[in-house]
Amino acid sequence: QVQLVESGGRLVQAGGSLRLSCVASGRTFSRYAMGWFRQVPGKEREFVATISRSGSSTNYADSVKGRFTISRDNAKNTVYLQMNSLKPEDTAVYYCAARSRLGVGILRDDYDSWGQGTQVTVSS
């Protein structure tokens, strides 16, 4: 398994932007498809975005499409989530996840490794 550490979460006003980062340990980062999920208390962890091993393919939840962008730098073992036009409903703990199997996934069970999460709070 790969170890994941997220950073970049903080309090931001509605309409603002944030960039989350997730650094992975090890030398095999390019063998993992990566995803971002988010969770609020009392709700299921929900899919936000995913990116293929090479970065050539991405997929987004409808709720963030056009506002969020997932990207990766395999040389730096890092995946990013650029979040623009933030809304109060984007408030959540954001988790980075790694998938070792081929393809990408949008379900929690599609991923093998998880980070500890980073809090994003959007004020109105």
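Positions are given from 1 along the sequence.
Dense packing is recorded around CZ of Arg101, with more than 12 heavy atoms of other residues, nucleotides or ligands lying under 6.0 Å away. Counting heavy-atom neighbours within 6.0 Å of Lys65 NZ, excluding the residue itself, gives a total above 12. Environment of CD in Glu44: sparse, with no more than 12 heavy atoms of neighbouring residues, nucleotides or ligands closer than 6.0 Å.
For the residue pair Ser124 and Ala14, the shortest heavy atom distance occurs at CA-CB, 4.3 Å. Nearest heavy atom pair, residue Ala92 against residue Val40, reads CB-CG1, 3.7 Å. The two residues Gln1 and Ser113 have their closest heavy-atom pair at CB-OG, 3.5 Å. Contact detail for Ser17 and Ser85: the closest heavy-atom pair is OG-N, 4.3 Å. Nearest heavy atom pair, residue Thr91 against residue Gln119, reads CG2-NE2, 4.0 Å.
The distance from atom CZ of Arg53 to atom CG of Asn74, rounded to the nearest 0.5 Å, is 11.0 Å. Here Asp73 contributes atom CG and Tyr80 contributes atom OH; the two are 5.0 Å apart, rounded to the nearest 0.5 Å.
Within the 3.5 Å criterion, the main-chain N or O of Ser54 finds no donor-acceptor partner in the side chain of Ser56. Checked by atom type and distance alone, the side chain of Arg99 pairs as donor or acceptor with a backbone atom of Asp110 at under 3.5 Å. A donor-acceptor contact shorter than 3.5 Å is absent between the side chain of Asn59 and the backbone of Thr50.
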Kindly indicate, with the supporting measurements, whether the criterion side chain to side chain contact (heavy atoms under 4.5 Å, CB included) is fulfilled by Asp90 and Arg67.
-> CA-CA 11 Å; Asp90 294 319; Arg67 300 188 297 122; 2.8 Å; yes

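When hydrophobic residues (I, L, V, M, F, W, Y) are linked wherever their side-chain heavy atoms come within less than 4.5 Å, the members clustered with Val2 are Leu4, Val12, Leu18, Leu20, Phe29, Tyr32, Met34, Trp36, Val48, Ile51, Tyr60, Val64, Phe68, Ile70, Val79, Leu81, Met83, Leu86, Tyr94, Val120, Val122.
At least one side-chain heavy atom of Arg38 sits under 4.5 Å from a side-chain heavy atom of Ser63. Residues Ser7 and Thr118 have side chains not in contact (no heavy-atom distance under 4.5 Å, counting atoms from C-beta outward).
Following chains of ILVMFWY side-chain contacts shorter than 4.5 Å, one cannot reach Val104 starting from Leu107, and the two form parts of different hydrophobic clusters. Residues Tyr111 and Leu102 fall into different hydrophobic clusters, defined by Ile, Leu, Val, Met, Phe, Trp and Tyr side chains chained together at heavy-atom separations under 4.5 Å. Tyr95 and Val23 are members of different hydrophobic clusters when ILVMFWY side chains are connected at heavy-atom separations under 4.5 Å.
Sorted by first and then second residue, the disulfide bond (SG atoms under 2.5 Å apart) pairs with a member in residues 38-124 read Cys22-Cys96; sequence neighbours excluded.
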